[in-house]
Participant: 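This is the structure I want to talk about, given as structure tokens.
Numbering starts at 1 and runs along the sequence shown.
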Amino acid sequence: MMSRLKVEMSNTKYNSFRPGEVWPDNHGVHINAHGGGILFHDGIYYWFGEHKIAGEAGNAAHVGVHVYSSCDLYNWKDEGIALAVSDDLKSPIARGCILERPKVIFNPRTKKFVMWFHLEPKDAGYTGSLSGVAVADKVIGPFQFLRSFRPNAGVWPENVPAEARRPLLAEEAAFVAKLDLPGGPLPYFPKHLLFRRDFAGGQMARDMTLFVDDDGSAHHVYASEANGTLHISKLSDDYLKPAGKFVRVFPGRFHEAPALMKWRGKYFLISSDCTGWAANPARISVAENIFGPWEELGNPCLGTGAQITNTFNSQSTFILPVQGRADTFIFMADRWNPKNAIDGRYVWLPVEFRHGVPTISWRDEWDLSFFDKANG
């Protein structure tokens, strides 16, 4: 099967974004960095994402995490595979595992580049719900896989009352064991039981992002409790493990695809409902403190009914602050194509602030000069 989607005019230089279109790299190959995030380092943007192959097989990881570099956000240079899957079938990142939504941050104390991702062992479906961590000395890698685990084992959430900080009773455990929890909204979802069930072994962690705050503290935001609840977890000073402080956000509301930004002292979280590969309406939430309390504000997308009911046929993955420009953010999303994973497309749109809230509107084509007009 083809491992790359080729396009013509590989020498073409681009000066605009065309959401949903094929986006060629410097070799004329459609950028292969799905569910990704961007790190700005030493004046260059680095885009890390899932490398897909053709067909339905591409929904699993057969190559690893791809990385691209850019000075202008329009034109991207292929920098190769930052983290490769392993041919060792005993490895947690064995070829054929599920490796999703990689994010990379730089630790100024250790001078290391740290990657986190959602990991499911090969042929195990989504039963693992693990976090994977890798580290590198250079921004483009190679990254060395360190370990996989469920975060915050033996730690109670900061925002649950003392009486809820106890393991499940036998009858509660028996009740949970009988439930079918496929990862989407359910009327019988046990929103006060799963974090207690998983206290000893660690919390489930699926769709995720990383966020570094103004003070240098880093946070891991992930869908947990069978996707029913988001967790926001502080990382250790070296960014390699949880620091032992986390909160539950919106228990039983089923948020995934988290993307976090900070604007004028407030934290804004864009997320989606849990509907598998099918697109759904985005949600935006706000908090004065990253650990909450959080308030849902509704759908950040503006436009026709057909556009806003499926987030322009995409799902959030990251919110990119544009360097050197105040109040300037790009909403990054994916159009998943599970029948032919390599042909997933990217939807990048400008974030506009209306009455103090980030909003997103469709544009067939746009460039960074949009922000000059929007902020002028």
Participant: Can Glu365 and Glu21 be said to form a side chain to side chain contact (heavy atoms under 4.5 Å, CB included), step by step?
Facilitator: CA-CA 10 Å; Glu365 183 175 3; Glu21 300 296 323; over 6 Å; no
Participant: Could you check whether the rings of Phe353 and Trp263 sit parallel, tilted or perpendicular, using 30° and 60° as the cut-offs?
Facilitator: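 Parallel: the ring planes of Phe353 and Trp263 meet at under 30°.
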Participant: Determine whether Ser224 and Leu194 make a side-chain contact, defined as any pair of heavy atoms from C-beta on separated by less than 4.5 Å.
Facilitator: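 Ser224 does not reach Leu194 side chain to side chain.
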Participant: Taking C-beta and beyond as the side chain, do Phe48 and Phe318 meet within less than 4.5 Å on heavy atoms?
Facilitator: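 No, their side chains stay 4.5 Å or more apart.
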Participant: Going by side chain to side chain contact (heavy atoms under 4.5 Å, CB included), Pro19 matches just one of Trp348, Phe312, Trp362. Which one?
Facilitator: Trp362
Participant: Please determine if Asp25 and Lys77 form a salt bridge, counting it only when a charged side-chain N lies under 4.0 Å from a carboxylate O.
Facilitator: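 Answer for the salt bridge query: no.
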Participant: Within a strict 4.5 Å, meaning less than it, do heavy atoms of the Phe17 and Leu368 side chains meet?
Facilitator: yes
Participant: Hey, is Lys52 close enough to Asp343 for a salt bridge, meaning N to O under 4.0 Å?
Facilitator: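 Between Asp343 and Lys52 there is no salt bridge, as every charged N stays at least 4.0 Å from the carboxylate O atoms.
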Participant: Which of these passes side chain to side chain donor-acceptor pair (under 3.5 Å) with Asn280: Asp273, Thr275, Thr309?
Facilitator: Thr275
Participant: Looking at every non-hydrogen atom in both residues, tell me the closest pair between Pro338 and Asn59 and how far apart they are.
Facilitator: O-ND2, 3.0 Å
Participant: Would a 4.5 Å heavy-atom cut-off, applied to side chains only, mark Phe331 and Ile270 as touching?
Facilitator: yes
Participant: Which residue in the set Asp327, Asp213, Asp215 passes salt bridge (charged side-chain N to carboxylate O under 4.0 Å, His left out) when paired with Lys262?
Facilitator: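 When Asp327, Asp213, Asp215 are each tested with Lys262, the salt bridge (charged side-chain N to carboxylate O under 4.0 Å, His left out) holds only for Asp213.
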Participant: Would you name the heavy atoms of Cys274 and Pro185 that are closest together and state the gap between them?
Facilitator: O-CD, 3.5 Å
Participant: When rounded to the nearest 0.5 angstrom, what is the spacing between CD in Glu163 and CZ in Arg165?
Facilitator: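 Here the rounded value is 9.5 Å.
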Participant: Whether Lys234 and Glu158 form a salt bridge (side-chain N of Lys/Arg under 4.0 Å from carboxylate O of Asp/Glu) is what I want to check.
Facilitator: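 Answer for the salt bridge query: no.
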Participant: Check for me, please, whether Met261 and Leu320 land in the same ILVMFWY cluster - side-chain distances under 4.5 Å, paths through other members count.
Facilitator: yes
Participant: Between Asp334 and Gly35, is there a donor-acceptor pair closer than 3.5 Å when you use the side chain of the first and the backbone of the second?
Facilitator: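 Checking the backbone N and O of Gly35 against the side chain of Asp334, a donor-acceptor pair under 3.5 Å is found.
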Participant: Quick check against the 3.5 Å criterion: does Thr359 have a side-chain atom that pairs as donor or acceptor with the backbone of Glu352?
Facilitator: yes
Participant: Distance only, no hydrogens: is a donor on one side chain within 3.5 Å (strictly under) of an acceptor on the other, for Ser86 and Asp88?
Facilitator: no
Participant: Without swapping roles, check the side chain of Tyr45 against the backbone of Gln323 for a donor-acceptor pair under 3.5 Å.
Facilitator: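 Yes: the side chain of Tyr45 pairs with the backbone of Gln323.
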Participant: Verify the distance criterion only: is there a donor paired with an acceptor across the side chains of Asn340 and Asn337 at less than 3.5 Å?
Facilitator: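 Asn340 vs Asn337: no donor-acceptor pair found between side chains.
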Participant: Is Leu181 reachable from Phe195 through a run of I, L, V, M, F, W or Y residues, each pair having side-chain heavy atoms under 4.5 Å apart?
Facilitator: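 Phe195 does not cluster with Leu181.
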Participant: Would a 4.5 Å heavy-atom cut-off, applied to side chains only, mark Arg150 and Leu130 as touching?
Facilitator: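 Yes, their side chains come closer than 4.5 Å.
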Participant: Counting only N and O atoms by type, is there a donor-acceptor contact under 3.5 Å from the side chain of Arg363 to the main-chain atoms of Leu349?
Facilitator: no
Participant: To the nearest 0.5 angstrom, please state how far the OG1 atom of Thr311 sits from the CD1 atom of Ile360.
Facilitator: 7.5 Å
Participant: Would you compute the distance between atom CZ of Phe291 and atom CG of Asn159 and round it to the nearest 0.5 angstrom?
Facilitator: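 Atom-to-atom, Phe291:CZ and Asn159:CG are 10.0 Å apart.
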Participant: Please confirm whether the backbone N or O of Asp237 pairs with a side-chain atom of Asn107, one donor and one acceptor, at under 3.5 Å?
Facilitator: yes
Participant: May I ask you to decide if the ring planes of Phe254 and Phe189 are parallel, tilted or perpendicular, using 30° and 60° as cut-offs?
Facilitator: perpendicular
Participant: Rounded to the nearest 0.5 Å, what separation is found between the OG atom of Ser272 and the CG atom of Asn299?
Facilitator: 11.0 Å
Participant: For the CZ atom on Arg18, are there more than 12 heavy atoms of other groups (residues, nucleotides or ligands in this structure) within a distance under 6.0 Å?
Facilitator: no
Participant: Checking Tyr346 against His34 for the ring-ring contact (aromatic ring centres under 6.0 Å, His included) test, could you report, in this order, the C-alpha distance in whole Å, the side-chain angles of both residues, the deciding distance, and whether it holds?
Facilitator: CA-CA 8 Å; Tyr346 311 104; His34 309 270; 5.1 Å; yes
Participant: Cut-off 3.5 Å, side chains only: do Asp207 and His255 have a donor facing an acceptor?
Facilitator: no
Participant: Given the side-chain rings of Phe246 and His220, with only the six-membered ring counted for Trp, is the space between their centroids under 6.0 Å?
Facilitator: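 Between Phe246 and His220, the centre distance exceeds or equals 6.0 Å.
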Participant: Using side chain to side chain contact (heavy atoms under 4.5 Å, CB included), reason through Phe211 and Ile290 one step at a time and then give a plain yes or no.
Facilitator: CA-CA 10 Å; Phe211 178 78; Ile290 194 167; 3.8 Å; yes
Participant: I'd like to know whether Val114 forms a side chain to side chain contact (heavy atoms under 4.5 Å, CB included) with Leu210, so could you lay out the CA-CA distance, the side-chain angles of the two residues, the decisive distance to 0.1 Å, and finally the verdict.
Facilitator: CA-CA 10 Å; Val114 181; Leu210 297 179; 5.8 Å; no
Participant: Will you find, in the side chains of Ser314 and Arg335, an N or O donor that is under 3.5 Å from an N or O acceptor?
Facilitator: no
Participant: Is Phe371 reachable from Leu302 through a run of I, L, V, M, F, W or Y residues, each pair having side-chain heavy atoms under 4.5 Å apart?
Facilitator: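 Not linked; separate clusters.
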Participant: What's the separation between atom CZ in Arg206 and atom CZ in Arg101, rounded to the nearest 0.5 Å?
Facilitator: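 The CZ atom of Arg101 is 13.0 Å from CZ of Arg206, to the nearest 0.5 Å.
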Participant: Apply the side chain to side chain contact (heavy atoms under 4.5 Å, CB included) test between Phe143 and each candidate in Val67, Asp137, Val104; give the one that qualifies.
Facilitator: Val104
Participant: Count I, L, V, M, F, W, Y as connected when their side-chain heavy atoms are under 4.5 Å apart, and connections chain through other members. Are Val155 and Leu240 then in the same cluster?
Facilitator: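 Hydrophobic grouping puts Val155 with Leu240.
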Participant: Mind checking whether Leu83 and Pro102 have side chains closer than 4.5 Å, heavy atoms only?
Facilitator: no
Participant: Taking the side chain from Thr317 and the backbone from Gly36, do they hold a donor-acceptor pair closer than 3.5 Å?
Facilitator: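 Judged by distance alone, yes, a pair lies under 3.5 Å.
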Participant: Within this structure, what is the NZ-CD1 distance for the pair Lys112 and Ile105, rounded to the nearest 0.5 Å?
Facilitator: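 It is 14.5 Å, given to the nearest 0.5 Å.
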Participant: Pair Gln315, Glu256 - check side chain to side chain contact (heavy atoms under 4.5 Å, CB included), show working.
Facilitator: CA-CA 9 Å; Gln315 186 185 42; Glu256 66 177 7; 3.1 Å; yes
Participant: Could you check whether any side-chain N or O of Tyr267 sits under 3.5 Å from a backbone N or O of Trp294, counting only pairs where one atom can act as donor and the other as acceptor?
Facilitator: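 Not at all, since once roles are kept as given, no pair shorter than 3.5 Å links the two residues.
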Participant: Can you check whether Arg166's main-chain N or O pairs, donor with acceptor, with Arg196's side chain at less than 3.5 Å?
Facilitator: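 Yes; judged by distance alone, with no hydrogens or angles, the pair exists.
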Participant: Do Val139 and Glu79 have side chains that get closer than 4.5 Å, going by heavy atoms?
Facilitator: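 The answer is no, as the side chains (C-beta and beyond) never meet within the 4.5 Å cut-off.
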Participant: Give me the atom names and distance for the closest heavy-atom approach of Ala61 to Leu99.
Facilitator: CB-CB, 3.9 Å
Participant: Which pair of heavy atoms, one from Leu119 and one from Cys97, lies closest together, and at what distance?
Facilitator: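 Minimum heavy-atom contact is CD1-SG, 3.9 Å.
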Participant: If we check ring-ring contact (aromatic ring centres under 6.0 Å, His included) with Phe106, which of these qualifies: Phe113, Tyr46, Tyr239?
Facilitator: Phe113
Participant: Hydrophobic clusters here meaning ILVMFWY residues chained together by side-chain heavy-atom distances under 4.5 Å, can you tell me if Ile31 and Trp366 are in one?
Facilitator: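 Linked, Ile31 and Trp366 end up in one cluster.
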Participant: Within the side chain of Gln203, is there an N or O that forms a donor-acceptor pair under 3.5 Å with the backbone of Glu225?
Facilitator: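 Flag not set: sc Gln203 to bb Glu225 has no pair under 3.5 Å.
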Participant: Report yes or no: does Tyr188 contribute a side-chain atom to a donor-acceptor pair with the main-chain N or O of Asp180 at less than 3.5 Å?
Facilitator: yes
Participant: Any side-chain heavy-atom pair from Ile330 and Leu73 closer than 4.5 angstrom?
Facilitator: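 Answer yes - side chains close enough.
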Participant: Taking the six-membered ring for Trp, are the ring centroids of Trp23 and Tyr68 within less than 6.0 Å of each other?
Facilitator: no
